[in-house]
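Structure record follows, encoded as structure tokens.
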Amino acid sequence: MVGSDESPLLENNLSRKGKPSKSRSALVSHSSVSLLGALFVLAIFQFQMDGFKGILVDIQFRLHFWKSPHPAIALIAYDDASFPRYGESNKIPSEEIVKVFERLAEEKPKAVALIAPLNEKLYSNAELTAIAQSFNKVPNTLVGYIDDESLARSAPTQIAGVATYLPGFISRDNFSYGADSVSRRVMITIDAIPTVYSELARIYRGLDTLPSFRHTHGYGETGNSLQTYIHWQGPPGTYRIHPSELVVKQKLPSGIFTDKIVFFGSRLETRRVADFVLTPYSRNPTRTPLLEGAAHGLVTLLEDNAVFRSPAWFNAFLSLLIAIVTVNMVLFLSPGRGILFVISEIGVLFVTAWLGLVLLHCWVDLAHPFVVACFGYYLVIPYRLVDEYRKRWHYQEKSEMMTQLEQLKTNFLSLISHDLKTPIARIQGNAELLMNESQEIGEKAKKYLAAIVHTTEDLGHYVETILDLTRIESAGVPLQKTSKDINASILEVVDSRRFLAAEKNITLTTDLEPMFSFKFDPKLIKRVLGNLLENAIKYSGENRKIILTSREEVNWIRITVQDEGIGIPFEEHDKIFTKFYRCDNDFTKKNNGTGLGLYLVKYFVELHRGMVDLKSEVGRGSTFTISLPV
Ligand code: ADP
């Protein structure tokens with residue numbers, strides 16, 4: 001029998017074969033896989049992964065959907081679809097600029113910034129003079145040039161006295177500094193020149209000099225430029241853009257520009273890409289007008305709530321932590337659970353980083369930890385394979401040993417049973433001879449001889465049962481079917497057990513339906529019925545009834561053995577058919593038994609492709625039904 005408990009002998013045997021102790025091998029696996037994880041982090045950090053970092057932070061921005069536009073900002077755009085065009089230039093007509101500024105002068109805004117190229121190449125002297133005159137009417141006028149040619153050059157003479165001429169680039173991310181050209185930074189100074197945005201923040205705060213902002217960082221080789229990360233407040237359309245045409249024609253409610261910072265630029269319906277920016281919300285190159293980008297950049301400086309990036313040491317530490325946790329967890333979880341763990345780990349990391357961004361304005365690098373978490377899983381696979389092989393090898397050895405043990409046991413049992421059978425038969429035969437043939441021995445001796453015969457019969461029965469078991473477990477029992485009337489077999493079994501029933505004054509009756517012969521193994525079926533009938537007698541009190549019935553149903557022959565005995569508790573109905581199982585009650589203690597009878601009954605019936613069924617209630621008796629296919 002293959003048991004679940006390992007014998008101490010077997011354990012010793014296995015440990016002698018060099019199986020490492022479990023905790024030591026686990027420790028070695030943990031530390032070596034952690035070291036591998038750390039090396040992996042080192043390798044991963046050789047890659048910048050700027051694009052991936054950008055995508056991840058953009059998703060976090062997009063999930064921050066409850067921000068509202070800043071009330072101090074208003075946007076006006078020149079829409080060239082409704083005006084005559086000026087060739088390929090994105091020049092706003094001078095007369096449009098003049099008209100808008102004249103109209104704005106009436107509204108008294110806090111400051112107006114024209115975000116457009118304004119230089120002598122685009123405008124004639126007369127045009128510049130007209131524009132300068134209109135600028136004069138607005139107190140704080142700024143010109144933010146967005147062409148590189150104007151950078152660090154002084155304003156056209158006409159403009160110089162009436163407007164502050166400064167760079168109007170939001171960021172330089174669309175040049176060589178951002179892998180994906182998405183504007184994530186707002187420039188504060190470029191080559192030591194303040195940008196329109198920092199200058200507007202100064203005006204807004206009423207300061208004389210440029211304020212200092214938190215979380216700024218240098219940019220460019222000279223280090224003379226400063227920038228900071230934009231705290232984006234929403235997708236394109238967050239800020240309403242008023243068409244300049246409506247401003248000029250006074251079709252907007254009055255006072256909407258009063259005390260506001262007004263950006264005036266172009267939103268070309270002809271979709272000139274230079275007048276748009278890529279944002280965390282949209283990578284469509286003509287989706288977010290430059291003016292909206294300008295508003296978001298300015299608000300970051302007005303509120304001084306720039307996003308800052310987590311320090312490099314923190315990113316490295318986080319990745320290392322993720323690597324060690326992932327590889328160690330995945331090493332000892334089932335593959336399915338390992339994947340689930342990695343997914344939840346990534347989820348928790350993302351939500352935490354997102355909270356860090358929206359609450360603390362901190363941008364944590366998620367790209368490296370994510371890659372480490374995902375690939376950490378694959379890193380562990382070779383380790384797991386080695387581990388699996390080791391376990392399999394161990395189990396294979398164990399199972400081979402078990403099979404050998406089982407074989408030994410079967411051989412031993414069969415040997416013993418065979419050698420026992422002959423002497424038992426001899427004792428029984430001689431005792432019977434002596435009892436029947438000798439006239440000289442007295443009654444007392446006859447009684448003892450009868451006891452010897454009875455006991456040897458019991459012994460013979462046990463040996464037969466054990467032999468059956470060994471046969472089943474080694475080669476199997478051959479089925480020798482012959483066509484026979486099963487009722488005849490039932491009657492033979494009943495007759496041979498009448499004396500047993502009579503000892504307890506039990507009435508044995510049969511109710512057999514006449515039926516045609518069918519093919520079955522009479523020897524085995526008689527063993528089955530004999531076992532059931534003997535049990536019915538063994539586990540019934542005195543003066544009870546036992547009835548055997550046979551019925552023919554469609555394709556099935558059903559034989560029942562019904563007693564009025566002690567019955568079997570429901571929870572033991574399955575167990576009694578297992579090897580060596582005996583119920584724990586007074587009757588089993590009083591009656592000898594091996595616990596093999598019903599196991600063999602089930603085995604022999606199933607050999608016929610039949611079924612055994614039990615209905616029993618404690619104290620009310622049991623009914624065993626065997627069904628044999630015709
Ligand atoms: P054994 O009779 O040798 O103990 P069996 O395998 O024949 O082994 O039966 C297993 C157990 O099932 C018995 O020990 C007994 O407790 C219970 N049992 C079997 N038949 C009956 C029955 N007719 N009535 C009550 N209990 C029974």
Side-chain angles (χ1 to χ4, degrees), residues 1 413 417 420 424 454-473 477 490 493-494 496-498 500-511 523-550 558-607 610-627:
M1 183 187 62
L413 278 178
S417 320
L420 275 180
I424 291 169
H454 190 66
T455 315
T456 46
E457 261 173 18
D458 272 357
L459 204 56
H461 184 68
Y462 284 144
V463 169
E464 197 58 42
T465 310
I466 290 174
L467 259 178
D468 277 340
L469 181 71
T470 51
R471 268 188 228 124
I472 287 173
E473 291 188 347
V477 178
I490 297 175
V493 171
V494 171
S496 65
R497 272 42 175 210
R498 276 205 193 278
L500 268 182
E503 279 175 7
K504 292 171 92 173
N505 203 20
I506 289 174
T507 321
L508 268 185
T509 49
T510 50
D511 171 12
K523 202 174 151 220
L524 293 188
I525 291 302
K526 271 160 77 178
R527 299 280 312 277
V528 166
L529 294 172
N531 257 323
L532 292 178
L533 188 52
E534 276 171 29
N535 278 353
I537 299 169
K538 263 203 288 187
Y539 303 110
S540 292
E542 299 198 342
N543 307 319
R544 302 293 161 131
K545 270 192 213 149
I546 295 174
I547 178 160
L548 280 90
T549 62
S550 67
R558 304 217 196 266
I559 302 161
T560 60
V561 180
Q562 186 180 353
D563 64 49
E564 297 174 344
I566 53 166
I568 302 159
F570 182 74
E571 57 278 12
E572 290 184 289
H573 281 196
D574 284 337
K575 293 183 193 162
I576 56 168
F577 292 101
T578 57
K579 249 189 283 182
F580 301 111
Y581 188 84
R582 306 196 73 208
C583 300
D584 187 14
N585 57 42
D586 288 344
F587 272 78
T588 34
K589 278 175 201 145
K590 253 193 286 170
N591 292 289
N592 290 335
T594 52
L596 284 172
L598 289 179
Y599 173 75
L600 293 176
V601 164
K602 190 162 184 273
Y603 187 89
F604 292 152
V605 172
E606 283 175 359
L607 212 58
M611 296 173 295
V612 187
D613 182 51
L614 166 63
K615 284 198 177 59
S616 181
E617 236 180 281
V618 177
R620 307 193 67 169
S622 316
T623 305
F624 286 87
T625 307
I626 61 168
S627 311

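As the structure lists them, so they are numbered: ligands from 1, and atoms in each ligand from 1. Here, residue 1 is the first one in the sequence, and each next residue gets the next number.
- If you look at ligand 1, the protein residues with a non-hydrogen atom under 4.0 Å away are N535, A536, K538, Y539, D563, I566, G567, I568, I576, Y581, R582, C583, T588, G593, T594, G595, L596, G597, L598, S622, F624.
- A donor-acceptor pair under 3.5 Å is absent between the side-chain atoms of T560 and the main chain of F624, judged by distance alone.
- Residues I490 and S550 share a closest heavy-atom pair of CD1-CB, 3.8 Å.
- Side-chain atoms of N585 and T588 include a donor-acceptor pair closer than 3.5 Å.
- Judged by distance alone, with hydrogens and angles left aside, the side-chain atoms of N531 form no donor-acceptor pair with the main-chain N or O of V601 at under 3.5 Å.
- Shown here is D586, whose CG atom has no more than 12 heavy atoms of other residues, nucleotides or ligands within 6.0 Å.
- Sorted pairs that involve residues 562-577 and meet salt bridge (Lys or Arg N to Asp or Glu O under 4.0 Å), not counting sequence neighbours, are lacking altogether.
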